[in-house]
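Here's the structure we're looking at; comments come further down.
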Amino acid sequence: MMDGMNWQAVFTAAALLMSIGMIASGRFTMEWVALGTLVVLYVGGALSADEALAGFSASATITLAGIYVVSGGLKRSGAIALIGQWMLDAGGRSPRRLSGIMFIVTSLFSAFMANLAALVIMLPLGYRLSRASKTPLGKLLLPIGTFTALGGYLTLLGTPAHLIAADILHQQTGIQLGLLSIAVVGAPTLLFSLAWVLGVGQKLLPDTGERPVQVGPNLQELRKTYKIDDLFYRLRVRAGSDLVGKRLRELRLREQWDVTIVGVAHPGGAPFRPWPDLILEENDEIVVQGKRADILQLASIHHLEPKGSVSLVDLARLAPAEMELAEALIPPYSSLVGKTLGELQFGKRYGLTVLAILREGVASAQRLSEKTLQAGDRLLVEGAPRQIQALRKDAEIIILSQLGVKPEDVVSKGSRIMLLILLGVIVLSVLPWFSLPMAAIAGALATIILGAVSPKEAYEDIDWGIVIFIAALLPLGTAMNNSGLSATMGDIFELFLSGMSPYALLAALFTISVLLTQFLSNSVLALVLTPIAIYLAQSMSLRPEPFVIAVMAGVSASFLTPITDVICLSLRTPGKYSFADYPKLNLPPVIFMGLSVVLLTPLVWPTR
């Protein structure tokens with residue numbers, strides 16, 4: 001009780017309150033506050049040196065670092081882009097189907113990576129979905145944020161708060177929660193939320209948000225729109241070819257073969273945009289545009305070695321400093337209307353190559369020099385970045401989007417390998433004889449060994465601020481135990497909660513956690529409330545697991561309001577949401593989650 005509270009408990013409480021205040025002020029970074037608190041508690045005798053440093057070898061810290069590396073591999077390899085493309089292909093043009101697939105994929109991403117990282121990945125896809133289905137962003141962005149949060153309830157990897165609570169439970173009781181322990185609450189809530197959002201929730205949201213047109217199409221979409229698969233090829237100039245020593249203007253490939261050279265690379269060098277007087281040399285590689293049959297016939301006659309096709313994404317990656325892609329529009333008032341590209345000498349006039357023309361939804365990439373331009377034509381052009389920038393000042397053509405290569409555009413050969421690595425981490429982590437931290441380490445090692453990321457990139461992909469914060473935060477739970485603060489706070493809670501049934505206690509812990517997390521960091525709350533939940537359970541001769549799950553579920557429900565939740569805050573401006581939109585959409589899922597905590601958790605972990 002309070003009367004028996006010793007000076008060390010008071011000292012620990014003061015240190016914790018001061019650290020919470022410093023973090024809440026926003027003037028200090030979380031990891032340095034946590035490290036400073038750790039030193040203070042060590043100096044004050046609440047922690048030994050070994051206890052103070054134990055967080056750096058804790059399961060939660062190691063697991064988090066390993067998962068960051070695997071997540072980085074997923075992004076860098078294009079595995080996420082691959083899944084995103086599958087998602088858009090499967091969804092078609094149906095807004096409801098596209099939304100449902102988007103929400104499910106968002107949840108799966110956030111189940112195995114940091115929520116904010118998952119949101120950063122999914123937001124561009126959300127803009128693309130909005131454009132494809134003509135759905136207002138206001139109907140999509142907040143649900144994407146909601147399912148980013150709910151996906152974190154499928155595994156312990158979803159948020160640092162889950163890992164902190166699980167690690168404290170293991171330290172204090174020896175009980176080890178599995179990877180999917182929280183899914184007893186998360187999976188039913190996710191299913192309910194899908195039905196709620198798609199059925200009712202989206203209708204409650206405003207038809208607001210930034211216009212989707214502000215986000216241009218990506219390269220994968222342009223590949224489909226302009227239908228230019230198998231349009232670009234690499235050819236090597238062999239020894240003995242009659243093209244060796246000739247200037248490009250002398251080749252007349254467009255006139256004879258309807259083939260255009262869009263790039264040249266000297267041996268061992270990067271491709272660059274060619275100029276008419278460039279002289280071809282032996283072993284040069286040329287990137288050409290045209291029909292496959294014409295290109296192969298050209299290669300046979302002129303003794304050129306075909307080196308394979310070049311995708312639109314690969315074309316954009318060839319030499320971004322020298323060549324870039326853009327999509328341009330011919331406005332009705334343009335003097336170019338009614339003239340052919342050949343008459344205009346478009347390439348000479350603008351320094352750009354037209355790769356394809358889109359007119360009334362129909363794409364054409366053949367005999368472009370003979371095409372008469374019409375108002376509303378969209379041109380896919382390629383050229384030097386400075387030429388494209390100069391075109392922005394020309395009133396005759398409107399640049400719709402300048403297209404560089406983005407991570408979501410590029411799918412490498414390692415993308416499927418990374419998906420297998422992620423699957424391997426999941427399988428290993430649920431095996432009874434393989435721990436979650438070791439599964440994360442194995443996944444990180446496989447990601448580096450198989451070349452998805454380099455060691456340097458692996459270090460860059462780890463959010464060291466979060467890792468250090470967790471490592472410094474975990475020993476504070478030990479300090480609460482050592483000083484008697486956990487017991488004192490548990491006794492205070494017991495004064496109000498004594499006599500409750502286990503079900504009522506679960507509901508109370510969940511509700512308290514939900515309310516507090518609207519104002520305080522969920523990681524800090526997990527640190528403070530988990531030892532109290534364990535103490536209350538043990539003092540009432542109950543098993544601690546369901547009560548720790550109740551705390552996990554509650555402290556991660558900060559998405560109910562935009563007060564402290566970073567994801568909610570980041571969506572407020574682009575979605576143009578009011579404060580009331582958040583509880584309007586998210587309160588029913590949180591209530592259902594509370595019912596799941598009370599009714600379903602004891603079925604998996606009986607309270608006695």
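With Y233 contributing its side chain and K307 its backbone, the two residues share no donor-acceptor pair below 3.5 Å. Judged purely by atom type and a 3.5 angstrom limit, T29 has no side-chain atom pairing as donor or acceptor with the backbone of E31. Listed for the S300 side chain is no donor-acceptor partner under 3.5 Å among the backbone atoms of L296.
Contact of the R236 side chain with the N283 side chain is registered, since non-hydrogen atoms from C-beta on lie closer than 4.5 Å. Looking at L141 and L205, their side chains never come closer than 4.5 Å, going by heavy atoms from C-beta outward. Taking 4.5 Å as the limit, every side-chain heavy atom of L419 sits out of range of all side-chain heavy atoms of L423. Here the side chains of L352 and L379 are not in contact, with every heavy-atom distance at 4.5 Å or above. Residues V354 and V381 form a side-chain contact, since some pair of their non-hydrogen atoms from C-beta on lies under 4.5 Å apart. Looking at I261 and L251, their side chains come closer than 4.5 Å, going by heavy atoms from C-beta outward. Side-chain contact check for I104 versus L108: some heavy-atom pair is nearer than 4.5 Å.
The distance from atom CD1 of I101 to atom OG1 of T106, rounded to the nearest 0.5 Å, is 11.5 Å. With values rounded to the nearest 0.5 angstrom, L336 atom CG is found 10.5 Å from D377 atom CG. Rounding to the nearest 0.5 Å gives a distance of 12.0 Å between OG1 of T340 and CZ of F346. With rounding to the nearest 0.5 Å, the separation of CG in L380 from CG in L355 is 5.0 Å. Remark: L341 CG to Y350 OH distance equals 10.5 Å, nearest 0.5 Å. To the nearest 0.5 Å, atoms CD (Q297) and NE2 (H302) are separated by 9.5 Å.
The aromatic rings of Y153 and F559 lie perpendicular to each other, with more than 60° between the two planes, well past the 30° mark. Taking the six-membered ring for Trp and thresholds of 30 and 60 degrees, W464 and Y459 have nearly parallel ring planes, at less than 30 degrees apart.
Taking all atoms of both residues into account, the shortest heavy-atom contact from M418 to A452 is SD-CB, 3.4 Å. Looking at every heavy atom in both residues, S99 comes nearest to L140 through OG-CD2, 3.6 Å. L142 and D581 make their closest contact through CD2-O, 3.7 Å (heavy atoms, listed as atom of the first residue, atom of the second, distance). Nearest approach of K246 to D242, heavy atoms of both residues: CE-O, 3.2 Å. When all heavy atoms of A328 and I397 are compared, the closest pair comes out as CB-CG2, 3.4 Å. The two residues L235 and A299 come nearest to each other via the heavy atoms CD2-CB, 4.1 Å.
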With a 3.5 Å cut-off and sequence neighbours excluded, list the donor-acceptor pairs that the side chains of residues 190-204 form with protein atoms.
unit_1, atom_1, unit_2, atom_2, d
S193, OG, T189, O, 2.7
W196, NE1, L585, O, 2.9
Q202, NE2, K139, O, 2.9

(message) Evaluate T148 against I144 for side-chain contact (heavy atoms from CB on, under 4.5 Å), listing each step before the verdict.
(response) CA-CA 6 Å; T148 299; I144 288 174; 4.2 Å; yes
(request) Would you please test I286 and L248 for side-chain contact (heavy atoms from CB on, under 4.5 Å) and show each step? (result) CA-CA 11 Å; I286 57 177; L248 294 188; 5.6 Å; no
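Other residues, nucleotides and ligands contribute more than 12 heavy atoms inside 6.0 Å of the NZ atom of K584. Heavy-atom contacts from other residues, nucleotides or ligands closer than 6.0 Å to CZ of R96 number 12 or fewer.
For the pairing with V69, the side-chain contact (heavy atoms from CB on, under 4.5 Å) check across L445, I462, D461, L74 returns one residue only, I462.
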